[in-house]
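These notes are about the structure you will find just below.
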Amino acid sequence: MDKNQFMARIQENLLTDSRTDIKSAAPYELHNAVARAVMSDIAAEWNESEKRHNSRRRAYYLSAEFLMGRAVYNNLYCAGVLDQAKEIFSENGIDINCMEETEDAALGNGGLGRLAACFLDSAAAHDIPLNGYGIRYRYGLFRQSISNGFQCESADNWLEHGDAWSVRSEKDAVTVEFADGAVRAVPYDMPIIGYDRKSVNTLRLWQAESMGGFDFGRFDDQKYLEASEEDILAESISDVLYPNDNTEQGRLLRLKQQYFFVSASIQDIVRRYKKSYGSDFSSFAKMYAVQLNDTHPTVAIPELVRILMFREGMSFNDAFEIARKTFDYTNHTVMGEALEKWDVKLFKRLIPTIYEIITLIDAKREKEFAEKGVDSAKISSMAIIDGNLIHMARMAIYGSSHINGVAALHTDILKNDVLKDWYAIYPERFQNKTNGITPRRWIGLCNPELSSLITEKIGDGWITDLDRLSELKKFVDDPSVIDRFNEIKRIKKQQLCDYIKEHEHFELSPDFIFDIQVKRLHEYKRQLLNAFSIMDLYFKVKEHKLPDLQPTAFIFGAKAAPAYRRAKGIIKYINEVAKLVNNDPDVNGKLRVIFVSNYNVSYAEKLIPAADISEQISTAGLEASGTGNMKFMLNGAVTLGTYDGANVEIVEEAGWENEYIFGARVEELAKIRPNYRPKEKIYYTNERVKRVVNTLVDGTFNDGDTGMFGELFNSLINGASWHKPDNYFLLTDLEGYVDTKLRALYDYKNRNMFGKKCWMNIANSGKFSSDRTVKQYAEELWEL
Ligand code: 26Q
């Protein structure tokens with residue numbers, strides 16, 4: 001559509017849907033009018049893509065989370081009409097940024113959900129037939145506000161102004177059966193607009209509704225609440241996203257959510273198969289590949305078996321063979337507390353048939369292992385049904401063709417440690433697929449200034465072929481190019497300052513170094529280590545031990561799971577550090593600390609392009625990959641990080657001289673761990689460490705009498721009933737961390753030298769495009 005048609009469509013939509021016009025419309029009305037204009041513009045291409053993909057082998061991505069973020073700018077950009085939209089808005093005296101007040105689909109917690117969103121974008125941009133299946137949560141990840149330094153949560157009502165980017169497909173609704181009754185699953189389809197309209201794929205999200213609906217009998221008996229009871233119970237299934245990241249919580253409703261969306265999706269895929277290929281299922285695994293995004297959708301394996309057996313009349317063995325060929329499983333974590341295990345009783349109560357099928361699967365496994373000569377102790381220690389628990393990862397491995405880790409180091413840890421027994425039996429099933437991020441959202445859209453510079457230097461092919469960024473290397477010794485990069489970085493910092501001033505009421509200067517740590521709050525990600533390092537710098541600045549330090553702003557953003565007490569204590573601690581530092585006139589010209597509230601995808605798009613230093617400081621071995629690290633790299637920040645997850649590959653690509661790596665490695669920690677006594681060996685003997693750690697308990701700070709800081713102190717020094725002291729090795733790494741951080745801060749003073757490091761990060765970031773990742777999935781797993 002050209003600009004005039006676009007304008008005409010917007011006007012017509014405003015008039016018919018909102019009875020208004022462009023001059024007097026509210027931001028959300030503008031948003032909806034623009035969205036519907038784009039939707040009608042792409043409608044034919046959307047159908048055409050679906051048809052084209054249906055005639056060949058295709059893949060489905062099953063995920064409990066899709067962290068899509070705001071759709072409007074991305075969709076305008078990928079559909080190639082963003083500039084037109086900007087013109088239309090400015091010609092009418094409207095700031096296109098006004099639509100930032102609306103719609104931001106946070107249907108995911110963090111890395112795993114955002115990865116799913118990046119994969120969908122990449123597949124569509126390269127015409128790879130990949131569709132997503134998930135849950136249409138009524139409320140996404142909670143909104144965070146900070147009150148007196150504490151996190152407060154409120155509901156994320158993302159559908160408040162409607163859902164202009166979805167199409168409800170009533171005709172494809174299916175029934176999902178639970179032992180205590182059935183519910184209706186109604187699909188909402190979102191178009192995934194590939195860059196330059198290469199193809200338009202689909203994200204299908206299921207909403208739970210009641211079968212019967214409103215009960216007029218009860219209403220007539222004046223039982224008004226009971227009349228709606230069935231509706232409320234059914235709808236509760238897709239009500240809210242569980243706000244846990246990397247922890248397992250074996251709740252009934254969570255299991256209901258999983259089976260609900262999985263059963264609906266598998267029924268949908270089977271229906272499609274029958275429509276295209278008839279009732280002979282021998283080609284099912286030839287036509288479809290289904291990727292399980294962690295274990296959350298793993299009931300898909302017994303669910304497909306159930307449907308093939310009880311609806312299509314197949315034998316268990318034949319059905320299971322088809323399932324095994326169809327599914328692949330991605331593991332995203334090595335942390336014990338995140339590995340899903342479900343109570344047998346819960347399963348039996350909710351989905352008894354699925355439980356029966358799992359017993360058949362486990363029996364088959366035992367037989368197969370015995371035939372392979374696995375000893376009987378191993379056969380039982382690897383049980384899918386182990387005592388009163390069902391191990392979802394074990395079922396996922398046994399019932400899949402492939403299992404993959406998400407970075408090279410992570411896959412090695414799976415093979416040699418966490419899943420070594422499984423690797424011994426099925427070495428051919430294990431693969432690595434290093435994560436990636438979509439360059440469209442994570443530079444093209446969020447950093448148009450840097451994108452223009454790159455395009456000026458190497459042309460515009462890089463946005464869908466990110467390896468081409470390596471052509472930037474030849475400009476590294478051209479000071480005028482580095483100067484321009486530095487100028488752009490300053491512009492992005494200024495933009496962030498303006499945003500933070502408006503939203504956090506906090507003033508920051510772009511002359512400061514921006515050192516940023518944004519990610520979910522978790523002990524293993526070690527935001528507390530970062531806060532400790534700032535306290536160490538604070539003491540040094542006060543004692544005039546850091547002459548000519550370049551002023552530095554430490555920026556944090558993180559949500560803590562609402563029930564994760566320690567994580568919430570860490571947020572309070574960071575805010576206490578911020579208060580002390582920012583209000584101390586002896587240091588606040590050199591150091592500033594800010595915790596931004598409600599960190600989400602849209603905030604990330606503003607923070608990441610403004611960073612000089614990217615904090616990636618997880619305990620070695622525990623961050624499976626990380627993907628924020630890649631976003632910072634692509635936008636020209638250096639990594640200050642441990643040798644963990646994809647940081648390992650970032651250093652490999654960019655060169656050691658362009659990153660700041662510190663801390664104990666996986667092998668060292670394995671040696672230290674058995675006899676680690678941080679209190680005796682570090683705390684009592686190292687005054688620098690002691691002074692910083694003591695700020696938790698020596699009255700420097702106030703936790704509002706919650707006891708949170710005392711508990712954090714104890715977790716480090718004394719441990720707890722369920723873990724040893726300092727199990728994330730903050731004390732081990734603190735000094736090396738601060739020293740490395742200082743090296744980076746002093747290096748920054750040489751603006752050309754530091755700018756070159758940033759430039760080399762951009763030039764070497766090609767590997768971390770999710771285009772590369774998705775192509776590897778397509779070729780090496782799905783065989784598309
Ligand atoms: C499980 C059961 C019940 C409730 C919640 C959960 C749950 C939810 C989300 C468990 C784990 C998650 C999320 C995990 C996650 O985001 N992992 C991250 O995945 C990224 C993409 O591969 C990696 O880059 C990160 O390193 C990894 O932490």
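Read the numbers this way: they start at 1 and go in the same order the structure lists the ligands and their atoms. Owing to the predicted nature of the structure, the values given are computational and were not obtained by experimental measurement.
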Report, in ascending order of atom number, the atoms of ligand 1 lying under 4.0 Å from any heavy atom of Glu65. 8 (C), 9 (C)

Taking NZ, NE, NH1 and NH2 as the nitrogens, is one of them in Asp644 or Lys525 under 4.0 Å from a carboxylate oxygen of the other? no

Side-chain donor-acceptor contact under 3.5 Å, Gln616 with Glu659: no

For atom 3 (C) of ligand 1, what is the nearest protein heavy atom, given as residue, atom name and distance? Arg254 NE, 3.1 Å

So which of Thr295, Leu112, Asp245 gets nearest to atom 18 (C) of ligand 1, if we judge by its closest heavy atom? Leu112

For Asn244, the ligand 1 atoms with a heavy-atom partner under 4.0 Å come out as 4 (C), 5 (C), 7 (C), 8 (C), 9 (C)

Give the atom numbers and elements of ligand 1 that come within less than 4.0 Å of a heavy atom of Val406. 22 (O)

Between Arg566 and Glu523, does any NZ, NE, NH1 or NH2 come within less than 4.0 Å of an OD or OE carboxylate oxygen? yes

Just which atoms of ligand 1 are under 4.0 Å from any heavy atom in Ala624? 26 (O)

For Glu623, take its heavy atoms, then give the atoms of ligand 1 lying under 4.0 Å from any of them. 25 (C), 26 (O), 27 (C), 28 (O)

Atom 24 (O) of ligand 1 sits nearest the protein heavy atom Gly626 N, 2.8 Å

What atoms of ligand 1 come within less than 4.0 Å of a heavy atom belonging to Tyr524? 28 (O)

May I ask you to list the atoms of ligand 1 that are less than 4.0 angstrom from any heavy atom of His296? 1 (C), 7 (C), 8 (C), 9 (C), 10 (C), 11 (C), 12 (C)

Please work out whether any backbone atom (N, CA, C, O) or any side-chain heavy atom from C-beta onward of Asn435 is under 4.0 Å from ligand 1, and answer side chain, backbone, both or neither. side chain

Identity and distance of the protein heavy atom lying nearest atom 6 (C) of ligand 1: Thr247 O, 3.3 Å

Give a yes or no on whether the ring-centroid distance for Tyr133 and Tyr60 is below 6.0 angstrom. yes

Among all the protein's non-hydrogen atoms, which is closest to atom 12 (C) of ligand 1, and how far away is it? Asn246 N, 3.4 Å

Please compare His332, Met392, Lys519, Arg251 and report which has the shortest non-hydrogen distance to atom 22 (O) of ligand 1. His332

Between Glu153 and Lys568, does any side-chain N to carboxylate O distance fall below 4.0 Å? yes

Please determine whether a side-chain nitrogen of the Lys or Arg among Asp328 and Lys433 lies less than 4.0 Å from a carboxylate oxygen of the Asp or Glu. no

Just by distance, with hydrogens left out, do His332 and Asn293 show a side-chain donor and acceptor under 3.5 Å apart? yes

Side chains of Tyr573 and Gln527: does their closest heavy-atom pair fall under 4.5 Å? no

Test: Arg665 cationic atom under 6.0 Å from Tyr643 six-membered ring centre, within 45° of axis: yes

With Phe119 as reference, evaluate Trp782, Tyr61, Phe66 under the ring pair (Phe, Tyr, Trp, His ring centres under 6.0 Å) test and give the passing residue. Tyr61

Counting only heavy atoms, which portion of Arg114 has something under 4.0 Å from ligand 1: side chain, backbone, both, or neither? neither

